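A short worksheet on the structure shown next.
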Amino acid sequence: MPSNDVRNLLPIAVPTAAAGVVAVAVSAAVAGGKGAIGAAVGVVLSMLFMGLGLYVLQWTAKTLPQLFQAMGLMLYVAQLLLLMIFVAVFKGTSLFNGKAFALSLVIATVVWMAAQARAHMKSKIFYVDPDSEKSGRPEKTGSSS
């Protein structure tokens with residue numbers, strides 16, 4: 001990932017990881033060891049899906065900007081469907097507490113999206129590309145006489 005992408009990822013991943021630590025601690029207190037494992041799996045899964053989605057979205061913005069909006073909508077729908085599939089698959093598992101898993105998955109996803117919106121609002125995005133000019137002089141228009 002280029003350094004700009006890492007700069008965008010840090011203000012998103014840190015609050016999500018902090019919420020994940022709180023979710024694991026609360027799940028451990030309420031549901032024991034299986035609750036802590038379920039919460040940890042849910043948070044890691046959410047961060048993995050959302051991180052990959054962010055990477056794909058940034059790649060699309062750089063390479064195929066005309067598809068950015070459609071790709072963003074398709075990506076979020078696909079992420080939510082995959083997360084629902086994971087919740088359905090692990091619904092009756094005895095490996096970890098399913099309620100802690102599902103709740104931490106939802107909490108981590110909501111925190112990720114809120115942090116992503118906040119990071120986007122606070123980022124300084126150029127509306128004019130400063131690299132588009134080849135020299136410091138403005139281009140001449142019209143004919144010279």
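What you see is a predicted model, and the numbers here were worked out from it, not measured in a lab.
Hydrophobic clustering of Ile, Leu, Val, Met, Phe, Trp and Tyr side chains at less than 4.5 Å, counting indirect connections, unites Val87 with Ile37. Put simply, Leu105 and Leu82 are part of the same group of oily side chains (I, L, V, M, F, W, Y) that touch within less than 4.5 Å, one to the next. Note on Leu83 and Leu95: same hydrophobic cluster, where clusters join Ile, Leu, Val, Met, Phe, Trp and Tyr whose side-chain heavy atoms are under 4.5 Å apart, directly or indirectly. Placement of Ile12 and Met113 within a single hydrophobic cluster is found when ILVMFWY residues are connected by side-chain heavy-atom separations under 4.5 Å, directly or transitively. Connection of Trp112 to Val106 is not established within any shared hydrophobic cluster, with ILVMFWY side chains joined at heavy-atom distances below 4.5 Å, either directly or through further cluster members.
Atoms OH and CD, on Tyr55 and Gln58 in that order, are 9.5 Å from each other to the nearest 0.5 Å.
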Check: residues 22-36 side-chain donor-acceptor pairs under 3.5 Å, at least two apart:
from, atom 1, to, atom 2, distance (Å)
Ser27, OG, Ala23, O, 2.8
Lys34, NZ, Ser94, O, 2.6

Atom pairs and distances, side-chain donor-acceptor, residues 38-49, under 3.5 Å, sequence neighbours left out:
from, atom 1, to, atom 2, distance (Å)
Ser46, OG, Thr109, N, 3.3
Ser46, OG, Thr109, OG1, 3.0

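Residue Leu54 comes nearest to Leu9 through the heavy atom pair CD2-CD1, 3.7 Å, listed as atom of the first residue, atom of the second, then distance. Among all heavy-atom pairs drawn from Phe86 and Phe101, the shortest one is O-CE2, 4.0 Å. The minimum heavy-atom distance between Val56 and Met71, with the atom names listed, is CG1-CE, 4.0 Å.
Inter-residue side-chain proximity for Leu57 and Tyr76 is flagged as met; some heavy-atom pair is nearer than 4.5 Å.
Residues passing the side chain to side chain contact (heavy atoms under 4.5 Å, CB included) test with Leu81 are Val77, Met84, sequence neighbours excluded.
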